[in-house]
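In what follows, a structure is listed as structure tokens, so that the remarks can point back to it.
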Amino acid sequence: MNASPGVRLAAAFVSVVIFIVFIAAWHAATQGTSAVQGMDPEYAKLMGITATSGKSPMPGPLDVGAKLWEHLKQPFYDKGPNDKGIGIQLGYSILRVLLGYLLAVLVAIPLGFLIGMSAVMSRALDPFIQVLKPISPLAWMPLALYTIKDSSLSAIFVIFICSVWPMLINTAFGVAAVRKEWLNVARTLEVGAIRRAFTIVLPAAAPTILTGMRISIGIAWLVIVAAEMLVGGTGIGYFVWNEWNNLSITNVIIAILVIGLVGMVLDQILARIARSVTFPE
Amino acid sequence: MEKFIAIEGITKRFPAPGGGTTTVFEDLWLSMARGEFTCVIGHSGCGKTTVLNILAGLDVPSEGAVIVDNKAIEGPSLDRAVIFQGHSLLPWRTVMGNVSYAVSSKWRRLSAKDVTEHAQQVIDLVGLTGAEHKHPSELSGGMKQRVGIARALSIEPKIMLMDEPFSALDALTRGTLQDEVRRICLTTGQTAFMITHDVDEAIYLSDRIVLMTNGPGAVIAEIVENPLPKDRKRTDFHKHPRYYGVRNHIIDFLVTRSKSFAAEQGATFDRRNVPVVRPSTSSSHDGDIDGLVTSINRQVRLLNTTKKMPRGKSLKERL
């Protein structure tokens with residue numbers, strides 16, 4: 001979308017206003033009420049500031065900001081299995097997503113070509129795809145843990161299984177929908193099957209395939225958090241669960257924010273690749 | 001006549017909805033000589049495009065065969081280039097990319113430099129110099145069709161097959177492209193087969209005009225030999241004394257005879273030896289002063305009758 005500079009400026013202004021209003025509301029909502037009067041000092045010590053000074057148990061934006069700054073200053077520290085920097089945790093998650101996702105690309109795109117080009121394979125594989133597609137990827141987890149016997153690999157498998165379907169279906173659709181006139185051009189030029197696949201079908205179906213890949217990376221990033229909560233050990237999902245057990249709501253909020261930012265970056269990378277293969281007609 | 005292309009008794013049938021079959025055309029016979037420009041005219045649905053696709057090898061006839069250069073055709077070939085109605089350029093490739101794709105398909109061992117060089121020559125030939133690096137979406141309709149022509153020419157085919165190549169263009173662009181195609185075909189001695197709806201285009205470009213009756217069950221009714229001289233110019237070919245004879249003959253066919261032909265001729269019509277006609281100035285509709293006067297008188301009479309007609313009658317009834 002190409003908005004005019006005026007529209008862009010106005011939109012940026014509104015975004016900033018919404019952000020400020022949100023932060024202000026959050027700050028106001030988590031402000032402490034007045035201090036509790038007449039409490040036995042010994043008892044007050046036991047109860048902590050939440051009870052004694054009326055401080056809200058929910059962290060405010062300033063608490064989160066301060067904590068975030070701490071994390072950003074030192075993202076990659078490693079103080080044993082339960083205390084690693086948020087950068088390291090994110091690194092594990094991204095690595096798992098990329099491995100599972102690449103595996104899915106390697107399977108889904110060739111298989112999608114096969115389904116898209118062959119009416120027989122399309123019909124033959126359709127019932128399997130229809131049954132397997134709606135299964136929640138986490139439902140595969142116990143089976144993966146049982147057969148693979150490695151929690152980290154199981155997480156990668158779960159990423160693979162959830163990102164394979166959109167890519168497979170979109171590739172098959174894109175390949176099947178290549179315009180007949182373009183295929184006829186290749187036929188009249190006596191272009192062989194392999195060259196036709198790479199020079200006509202692939203570029204013609206690329207925008208559709210990339211749409212599938214973009215949906216897949218989004219799903220993969222959604223699923224990795226849940227998968228890591230289950231398998232534990234490392235990763236941003238594990239970090240969220242661990243900080244919940246530590247009752248560090250500040251860290252949980254930071255993790256939520258970071259998960260959103262990374263997801264956006266992954267999506268934007270795929271969007272950029274999709275733009276580069278899209279052709280105007 | 002030397003038969004360079006021979007269409008021998010081709011029939012095309014499709015399964016009709018609700019059982020049975022629909023015969024688009026039946027038992028077509030037609031031959032073309034080397035270097036000849038043939039146009040096919042007929043109403044929509046008479047199977048012209050199917051005939052062209054069969055010639056291209058993109059479609060197969062239900063019966064019969066097509067022989068090109070003494071060989072029955074089996075599928076598409078680089079010897080027969082097709083200029084498609086909807087230009088069919090690959091939108092992700094530039095002008096150069098589209099033409100060089102064809103060049104490198106024909107000569108697979110050619111180096112990239114030679115491919116570009118050859119493609120450039122053809123691009124220059126169709127007057128697209130300077131637009132090599134544009135994508136089809138950045139080109140006007142006329143320029144797109146020029147790329148289509150360049151792509152077809154670049155493989156140096158024995159036959160050019162054109163499916164209403166200029167139908168989507170405005171009159172001015174169409175005129176220029178017709179000139180280009182005629183010039184190229186004359187200088188290279190190209191054999192060409194073209195489908196058109198435009199009678200003037202057919203008269204300007206072709207040596208022979210094939211008239212097809214309406215489908216289903218279309219047949220070739222006549223082959224009109226173009227009486228205009230070979231060195232005709234687009235600017236004045238319509239002033240040639242024999243122009244109106246041909247034009248009226250074809251239009252009469254399209255308006256009336258294409259519908260009634262099958263009923264009139266019946267089973268006695270010899271499809272293998274289609275009559276060849278050469279309309280002359282002695283035709284009754286030759287566009288001379290007498291003809292013009294008759295036509296004007298008829299229109300005046302028509303106007304008068306129209307006035308007397310009660311309202312609400314359809315035009316068809318008035319005529």
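Each chain gets a letter, A, B and so on, in the order the sequences are listed, and its residues count up from 1. Keep in mind that the numbers below use all heavy atoms, side chains included, and drop hydrogens, waters and symmetry copies.
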Under a 4.5 Å heavy-atom cutoff, which of B:Val82, B:Leu89, B:Leu58, B:Asp79 has the most pairs with chain A?
-> B:Leu58
Option that, when pairs with chain A are counted at under 4.5 Å, heavy atom only, ranks first among B:Gly57, B:Gly86, B:Pro76, B:Gly75 = B:Pro76
When you measure from the centre of the six-membered ring of B:Phe166, is the NZ or CZ of B:Arg174 under 6.0 Å away and within 45° of the axis?
-> no
Just by distance, do the side chain of [X] and the backbone of [Y] share a donor-acceptor pair under 3.5 Å?
X	Y	answer
A:Thr208	A:Gly174	no
B:Thr173	B:Leu169	no
B:Gln190	B:Cys185	no
B:Arg80	B:Ala56	yes
B:Thr23	B:Arg13	no
A:Gln89	A:Ile236	no
A:Ser163	A:Ser216	no

State, without any angle test, whether A:Asn170 and A:Thr211 hold a side-chain donor-acceptor pair at a distance under 3.5 Å.
->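 No, because no side-chain N or O of A:Asn170 sits under 3.5 Å from a partner of the opposite role on A:Thr211.
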Between B:Glu132 and B:Thr94, does any side-chain donor sit less than 3.5 Å from a side-chain acceptor?
->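 Their side chains do not contain a donor-acceptor pair, so the 3.5 Å distance test is not met.
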Hey, which residues of residues 134-164 of chain B are touching chain A, say heavy atoms under 4.5 Å apart?
-> B:Ser137, B:Arg151, B:Ile155
Under 4.5 Å, heavy atom to heavy atom, which residues of residues 99-121 of chain B contact chain A?
-> B:Tyr101, B:Ala102, B:Ser104, B:Ser105, B:Arg108
Would one find more than 12 heavy atoms of other residues, nucleotides or ligands at under 6.0 Å from atom CZ of B:Phe84?
-> yes
Measure distances from A:Thr199 to the heavy atoms of chain B and classify the residue's part below 4.5 Å as side chain, backbone, both or neither.
->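 Both backbone and side chain of A:Thr199 come within 4.5 Å of chain B.
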Identify which part of A:Ala204 has an atom lying under 4.5 Å from any heavy atom of chain B, answering side chain, backbone, both or neither.
->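 Both backbone and side chain.
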